[in-house]
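Notes follow the structure.
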Amino acid sequence: MSAALTALACHVGILPRYVDLTGTTQETSPETARALLGAMGLAAGSEAELTETLAALRAAEAARPLPAWIVVEAGTAAVLSVEQPSDWRLDLEDGTCREGRAADRLSLPPLPPGIHELTLRGHRTTVLSAPPRLPLPPRGWGVTLPLYGLRDAGTGGLGDFADLRTAVAGFGALGAGFVGINPIHAGFPGDPAAISPYSPSSRRRFNVAHIACPGESCAPGGALVEYPSAIAARLACLRAAFAAIDPEDATALAAFRTAQGVDLERFALHQALSDRFGPYWPDWPEAYRTPESAAARAFAAAHPGELAFHAWLQYRAGRQLADIRAAARTAGMAQGLYLDLAVGTHPAGAETWADPGLFARGATLGAPPDPFAPQGQDWSLAPMIPSALVARGFRPLADILRAQLEFAGLLRIDHILGFERAFWVPVDGPGAYVAMPKTALLAVARIEAARAGAAIVGEDLGVIPEGLQADLAASGILGCRLAMFDPHPENWPEAVMASFGTHDLPPFEGWKQGTDIGWHTRLGHVAPDRAQDLLRRRADEVAGLARRAGGADIDALHRYLGDTPARLVALQIEDILGATAQANLPGTVETHPNWRRRIGTGSAALAHANAVLQSADAMTQTGR
């Protein structure tokens with residue numbers, strides 16, 4: 001790379017190299033660096049542009065009397081150094097304001113937890129007032145299950161929040177502290193094929209396909225959820241319910257819209273436009289591709305009923321999630337709902353339409369090759385531009401976290417490795433890492449979790465940056481440990497959530513049989529001769545786990561997990577019920593039935609199933 005390209009790339013956080021899991025150093029190519037700079041919206045097409053862009057960024061930083069953001073400990077007085085006497089103004093998150101004048105030092109008052117804004121000589125600094133560490137949750141256990149698969153084949157349709165409430169109450173009665181599900185972010189109801197919960201339209205809003213609607217027409221189905229018919233039936237039922245809304249609900253909806261403000265109205269407008277022009281906004285007529293356009297405003301004015309309907313759907317989702325939260329508390333669950341935050345958002349969804357300047361264009365999130373995915377991964381998700389996130393005072397992340405933590409006592413942050421560095425994949429060519437403001441992101445997570453009285457689990461699997469797990473532990477954020485891969489769970493730290501595997505891996509019985517290896521072989525991901533080696537190795541791993549666990553059955557596995565030092569243990573419903581097929585096979589879309597498998601037992605009968613009762617008993621035997 002030229003000196004100018006190297007300097008600009010480093011200045012904005014594009015890492016020059018990284019070491020992969022084989023120990024090989026991977027260099028960032030000039031082509032990748034230029035592509036990622038362009039994705040950030042920076043002029044980098046020529047040497048002159050590189051030089052001018054870097055000079056402008058450096059000048060802007062040099063003019064600042066304070067950094068763009070600082071982290072302070074909530075409740076303590078911070079002292080900042082300033083170069084010259086200046087008046088200052090501190091706008092607190094609660095709307096109050098404090099002012100003063102600083103000589104060579106600026107002494108802030110003790111601040112409550114929150115995101116505050118300090119203005120000095122016309123420049124704003126985000127002040128993240130956070131507790132230094134979250135308390136660890138009490139020692140306990142819970143169950144993870146697929147919301148979409150909570151209905152048996154005889155009932156048919158798509159699992160909804162009423163099914164989830166039933167399951168939560170049942171597991172709570174058995175002593176479970178939480179019930180975990182995949183992300184329930186807003187999706188694309190206009191595209192029934194877009195079913196991955198990890199590719200959402202908006203992470204601030206909820207998936208309307210899971211709203212329970214009494215009187216919904218359902219037909220018995222098969223072992224797989226048929227999304228097109230299920231979503232069509234649910235939306236038809238919901239539209240009929242909205243048409244019959246009573247005055248009390250109408251008043252509550254108006255109050256909800258007022259409280260939610262512009263963000264909800266913009267989301268509702270996006271959804272209404274999606275109904276008219278299709279699910280993905282880059283395909284819309286150009287006049288509607290920005291929320292502030294005259295055409296978009298005119299559409300909103302002409303279709304108030306459509307906007308009200310989509311706002312009502314979010315209101316209903318929130319009411320039903322609140323009912324689940326209440327059911328968990330009634331059952332005495334320590335955490336209740338265990339929700340999941342997707343690592344990114346779809347490039348053509350509501351989140352990017354509402355705030356396009358926050359997200360990179362021409363690059364997507366992914367992961368470099370590793371043993372889990374030797375070909376590497378491109379998740380087709382839009383990355384947040386670090387400088388844009390900083391400029392917004394990290395509020396987009398705080399809002400996303402707050403939306404989940406309103407209903408969850410436990411929140412999983414998918415691929416929390418991205419808090420330190422995110423792997424960006426340009427349209428053409430290999431990817432590279434982009435540094436993120438880790439200290440600030442962890443502070444925001446602590447602020448929002450402490451505000452909600454919740455615990456955070458960070459999914460720290462893959463190519464883990466050195467020191468990140470220590471930083472997570474210092475923040476009181478739990479890591480993840482998988483018995484499938486780690487033969488020494490007795491050495492796990494206390495601040496982790498333990499499980500056998502994940503939704504991206506085969507369940508216990510499938511792992512023992514090598515069903516995942518069979519799938520990869522059939523799809524051409526693994527050569528037949530290599531598959532035989534993998535199956536032999538798997539047999540050795542199965543035998544080794546059986547020796548360590550004192551048995552090869554699921555009860556032995558669960559007691560093995562329960563005896564670990566981990567504060568929390570997550571039992572997967574697929575493991576409990578003896579399933580062999582995994583929920584999701586990474587690297588596939590249409591060649592594997594991802595996110596469609598029913599668990600077999602309906603939500604009402606689930607907590608009474610013998611296998612579930614045995615698993616709960618195994619947790620009791622281990623003192624959980």
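Since the structure is predicted, the reported quantities are computational estimates derived from the model, not experimental observations. Numbers for residues simply follow the sequence, beginning at 1.
- Between the side chain of Thr96 and the backbone N or O of Leu92, no donor-acceptor pair lies under 3.5 Å.
- Contact check on Arg121 versus Asp87 returns no salt bridge, with no Lys/Arg side-chain nitrogen under 4.0 Å from an Asp/Glu carboxylate oxygen.
- Between Arg395 and Glu93 there is no salt bridge, since none of the side-chain N atoms of the basic residue sits less than 4.0 Å from a carboxylate O of the acidic one.
- In this view, Glu590 satisfies the salt bridge (charged side-chain N to carboxylate O under 4.0 Å, His left out) rule with no residue, not counting sequence neighbours.
- The main-chain N or O of Asp414 is never found under 3.5 Å from a side-chain atom of Glu459 such that the two would form a donor-acceptor pair.
- The aromatic rings of Phe394 and Trp69 sit perpendicular to each other, their planes meeting at more than 60°, with 30° as the lower class boundary.
- In this structure, the side chain of Thr352 engages the main chain of Gly349 through a donor-acceptor pair within 3.5 Å.
- Geometric assessment of Arg239 against the ring of Phe309 yields a positive cation-pi assignment under the 6.0 Å and 45° thresholds.
- Under the 3.5 Å distance criterion, with hydrogens and angles disregarded, no donor-acceptor pair is assigned to the side chains of Thr290 and Trp353.
- Gln404 and Arg204 form no side-chain donor-acceptor contact under 3.5 Å, judged by distance and modelled atom types alone.
- Between the side chain of Asp160 and the backbone N or O of Cys213, no donor-acceptor pair lies under 3.5 Å.
- Residues Gln377 and Trp379 have side chains that bring a donor and an acceptor to within less than 3.5 angstrom of each other.
- Nearest heavy atom pair, residue Ala74 against residue Pro131, reads CB-N, 4.1 Å.
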**Study point:** Chi angles and distances behind the side-chain contact (heavy atoms from CB on, under 4.5 Å) call for Leu50, Leu37
**Key:** CA-CA 10 Å; Leu50 290 167; Leu37 289 168; 4.1 Å; yes
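- Ion pairing of Glu351 with Arg203 is present here, as a side-chain N (NZ or NE/NH1/NH2) and a carboxylate O approach within less than 4.0 Å.
- Arg234 and Ala209 get closest at one heavy-atom pair: NH1-O, 2.6 Å.
- With hydrogens and angles disregarded, no donor-acceptor distance shorter than 3.5 Å links the side chain of Arg325 to the backbone of Leu321.
- Here the side chains of His116 and Leu90 are in contact, with some heavy-atom distance below 4.5 Å.
- The CD1 atom of Ile211 sits 11.0 Å away from the CD atom of Glu216 when rounded to the nearest 0.5 Å.
- The CZ atom of Arg412 sits 13.5 Å away from the CD1 atom of Ile477 when rounded to the nearest 0.5 Å.
- Looking only at atom types and distance, the side chain of Glu265 has no donor-acceptor partner in the side chain of His310 under 3.5 Å away.
- Counted by atom type alone, Thr126 and Arg392 present zero donor-acceptor pairs between their side chains at under 3.5 Å.
- Side-chain N or O atoms of Ser293 include none that pairs as donor or acceptor with a backbone N or O of Arg289 at under 3.5 Å.
- Using a distance-only test at 3.5 Å, with no hydrogens or angles considered, a donor-acceptor pair links the side chain of Ser46 to the main chain of Glu49.
- Side-chain atoms of Ser475 and Arg446 include a donor-acceptor pair closer than 3.5 Å.
- Taking 4.5 Å as the limit, every side-chain heavy atom of Phe407 sits out of range of all side-chain heavy atoms of Ile324.
- In this structure, Leu158 and Arg151 have side chains that are not in contact, with every pair of non-hydrogen atoms separated by 4.5 Å or more.
- Formation of a donor-acceptor pair under 3.5 Å by the Ser129 side chain with backbone atoms of Pro112 is found in this model.
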Check your understanding: So Asp283 and Arg276, salt bridge (Lys or Arg N to Asp or Glu O under 4.0 Å) or not? Walk me through it.
Key -> CA-CA 12 Å; Asp283 299 331; Arg276 173 66 61 88; over 6 Å; no
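- At a threshold of 4.0 Å, the pair Arg451-Glu448 counts as salt-bridged, since one of the basic side-chain nitrogens sits closer than that to a carboxylate oxygen.
- A distance of 6.0 Å or more separates the ring centres of Tyr198 and His346.
- The distance from atom CD1 of Ile195 to atom CD1 of Ile231, rounded to the nearest 0.5 Å, is 8.5 Å.
- No hydrogens or angles considered: a donor-acceptor pair under 3.5 Å links the side chains of Asn594 and Thr588.
- Using the six-membered ring where Trp is involved, Phe188 and Tyr280 have ring planes that are tilted, between 30° and 60° apart.
- For the atom pair CD1 (Ile456) and CG (Leu401), the distance works out to 6.5 Å, reported to the nearest 0.5 Å.
- Without hydrogens or angle criteria, Arg98 side chain to Asp91 main chain gives no donor-acceptor distance under 3.5 Å.
- Residues meeting the side chain to side chain contact (heavy atoms under 4.5 Å, CB included) test with Asp152, sequence neighbours left out: Thr155.
- Ring planes of Tyr288 and Phe299: perpendicular class, angle over 60° (limits at 30 and 60°).
- With hydrogens and angles disregarded, a donor-acceptor distance shorter than 3.5 Å links the side chain of Arg297 to the backbone of Glu292.
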